[in-house]
> 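I have a structure I would like to understand better, so I am pasting it below and will then ask my questions one at a time.
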Amino acid sequence: LFYERGKSRWYFPLLSAAFPVAYAVFLLLQAALLRFDSSILTPTPNSTTPLIYPYFFVNIDKQGVPGVLMWIAILSVAFIAVGFMFFGLDQLEKKSKEKRSPKIN
(Lines give C-alpha, C1' and ligand atoms only; values in the text may rest on other atoms or scores of the structure.)
Protein backbone atom coordinates (compact mmCIF):
# COMPACT_ATOMS: atom_id res chain seq x y z
CA LEU A 1 0.00 0.00 0.00
CA PHE A 2 2.83 2.40 0.73
CA TYR A 3 5.10 1.50 -2.15
CA GLU A 4 5.35 3.62 -5.27
CA ARG A 5 2.49 2.74 -7.62
CA GLY A 6 3.27 0.55 -10.60
CA LYS A 7 6.65 -0.59 -9.27
CA SER A 8 5.70 -3.76 -7.38
CA ARG A 9 7.33 -7.02 -8.42
CA TRP A 10 5.80 -10.49 -8.72
CA TYR A 11 7.79 -11.82 -5.75
CA PHE A 12 6.64 -9.16 -3.26
CA PRO A 13 3.55 -11.20 -2.28
CA LEU A 14 5.79 -14.17 -1.49
CA LEU A 15 7.86 -11.96 0.80
CA SER A 16 4.70 -10.91 2.63
CA ALA A 17 4.55 -14.36 4.23
CA ALA A 18 8.02 -13.97 5.73
CA PHE A 19 6.89 -11.99 8.79
CA PRO A 20 4.14 -14.33 10.01
CA VAL A 21 6.34 -17.38 9.47
CA ALA A 22 9.26 -15.74 11.30
CA TYR A 23 6.93 -14.74 14.15
CA ALA A 24 5.58 -18.29 14.46
CA VAL A 25 9.13 -19.66 14.49
CA PHE A 26 10.04 -17.12 17.20
CA LEU A 27 7.05 -18.20 19.34
CA LEU A 28 7.94 -21.87 18.95
CA LEU A 29 11.59 -21.22 19.82
CA GLN A 30 10.47 -19.32 22.91
CA ALA A 31 8.25 -22.24 23.88
CA ALA A 32 11.17 -24.64 23.37
CA LEU A 33 13.41 -22.49 25.57
CA LEU A 34 10.73 -22.64 28.26
CA ARG A 35 10.61 -26.43 27.75
CA PHE A 36 6.99 -26.19 26.56
CA ASP A 37 5.90 -25.70 30.18
CA SER A 38 2.65 -23.76 29.85
CA SER A 39 2.37 -23.28 33.61
CA ILE A 40 5.36 -20.91 33.59
CA LEU A 41 3.47 -18.09 31.94
CA THR A 42 -0.13 -18.75 32.99
CA PRO A 43 -1.50 -15.35 34.11
CA THR A 44 -3.84 -16.69 36.85
CA PRO A 45 -4.39 -20.12 38.38
CA ASN A 46 -7.86 -20.41 36.79
CA SER A 47 -6.74 -19.26 33.35
CA THR A 48 -7.05 -21.71 30.49
CA THR A 49 -4.94 -19.72 28.03
CA PRO A 50 -1.21 -19.79 28.79
CA LEU A 51 0.76 -16.78 27.64
CA ILE A 52 3.50 -19.00 26.27
CA TYR A 53 1.22 -19.46 23.24
CA PRO A 54 -0.40 -16.06 22.58
CA TYR A 55 -2.47 -17.44 19.68
CA PHE A 56 -4.40 -20.70 19.41
CA PHE A 57 -2.71 -21.67 16.14
CA VAL A 58 0.75 -21.94 17.73
CA ASN A 59 -0.44 -23.80 20.84
CA ILE A 60 1.37 -27.12 20.50
CA ASP A 61 -0.39 -28.45 23.62
CA LYS A 62 -3.79 -28.23 21.92
CA GLN A 63 -3.00 -28.28 18.18
CA GLY A 64 -0.05 -30.66 18.12
CA VAL A 65 2.88 -30.18 15.76
CA PRO A 66 0.87 -31.13 12.62
CA GLY A 67 -1.89 -28.70 13.62
CA VAL A 68 0.55 -25.85 14.20
CA LEU A 69 2.27 -26.50 10.87
CA MET A 70 -1.12 -26.63 9.14
CA TRP A 71 -2.13 -23.25 10.63
CA ILE A 72 1.19 -21.68 9.67
CA ALA A 73 0.68 -22.94 6.11
CA ILE A 74 -2.92 -21.63 6.02
CA LEU A 75 -1.88 -18.20 7.28
CA SER A 76 1.06 -18.06 4.87
CA VAL A 77 -1.22 -18.86 1.94
CA ALA A 78 -3.66 -16.18 3.14
CA PHE A 79 -0.89 -13.55 3.37
CA ILE A 80 0.39 -14.53 -0.08
CA ALA A 81 -3.13 -14.40 -1.56
CA VAL A 82 -3.74 -10.93 -0.14
CA GLY A 83 -0.30 -9.89 -1.40
CA PHE A 84 -1.15 -11.08 -4.92
CA MET A 85 -4.45 -9.23 -4.70
CA PHE A 86 -2.58 -5.99 -4.00
CA PHE A 87 -0.05 -6.85 -6.72
CA GLY A 88 -2.90 -7.37 -9.20
CA LEU A 89 -4.51 -4.06 -8.22
CA ASP A 90 -1.16 -2.34 -8.67
CA GLN A 91 -0.73 -3.87 -12.12
CA LEU A 92 -4.27 -2.83 -13.13
CA GLU A 93 -3.56 0.72 -12.01
CA LYS A 94 -0.27 0.69 -13.92
CA LYS A 95 -1.99 -0.47 -17.14
CA SER A 96 -4.80 2.08 -16.83
CA LYS A 97 -2.24 4.83 -16.23
CA GLU A 98 -0.31 3.76 -19.36
CA LYS A 99 -3.52 3.90 -21.42
CA ARG A 100 -4.37 7.40 -20.16
CA SER A 101 -0.96 8.92 -20.88
CA PRO A 102 0.24 8.50 -24.47
CA LYS A 103 3.91 7.86 -25.06
CA ILE A 104 5.86 10.62 -26.76
CA ASN A 105 8.61 9.45 -29.08
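Computation of the quantities below employed the complete heavy-atom set of this structure, encompassing side-chain atoms and omitting hydrogens, waters and symmetry-equivalent molecules.
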> Using 0.5 Å steps for rounding, measure from the CD atom of Q30 to the CZ atom of F26.
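Q30 atom CD to F26 atom CZ measures 5.0 Å (nearest 0.5 Å).
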
> Output the distance between atom CD1 (I60) and atom NZ (K62), rounded to the nearest 0.5 Å.
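So the CD1 of I60 and the NZ of K62 are separated by 14.0 Å.
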
> Using ring-ring contact (aromatic ring centres under 6.0 Å, His included) as the criterion, list what pairs up with F84, not counting sequence neighbours.
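Expected list: none.
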
> Please identify each residue that fulfils ring-ring contact (aromatic ring centres under 6.0 Å, His included) with Y55, with sequence neighbours left out.
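Applying ring-ring contact (aromatic ring centres under 6.0 Å, His included) to Y55 gives F57.
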
> Could you tell me the separation between the CG atom of L28 and the CG atom of N59, rounded to the nearest 0.5 Å?
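Between L28 CG and N59 CG, I get 10.0 Å after rounding to 0.5 Å.
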
> Please determine whether residues V77 and W71 belong to a single hydrophobic cluster, defined as Ile, Leu, Val, Met, Phe, Trp and Tyr linked transitively by side-chain heavy-atom distances below 4.5 Å.
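No.
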
> Could you please spell out the steps behind the side chain to side chain contact (heavy atoms under 4.5 Å, CB included) verdict for I72 and V68?
CA-CA 6 Å; I72 291 171; V68 169; 3.9 Å; yes

> Under 3.5 Å, which donor-acceptor pairs do the side chains of residues 11-23 form with other protein atoms, sequence neighbours left out?
residue : atom : partner : partner atom : Å
S16     : OG   : P13     : O            : 2.4
S16     : OG   : F79     : O            : 3.3

> List for me each residue that meets side-chain contact (heavy atoms from CB on, under 4.5 Å) alongside V82, sequence neighbours excluded, and say none if there are none.
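side-chain contact (heavy atoms from CB on, under 4.5 Å) check on V82 returns M85, F86.
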
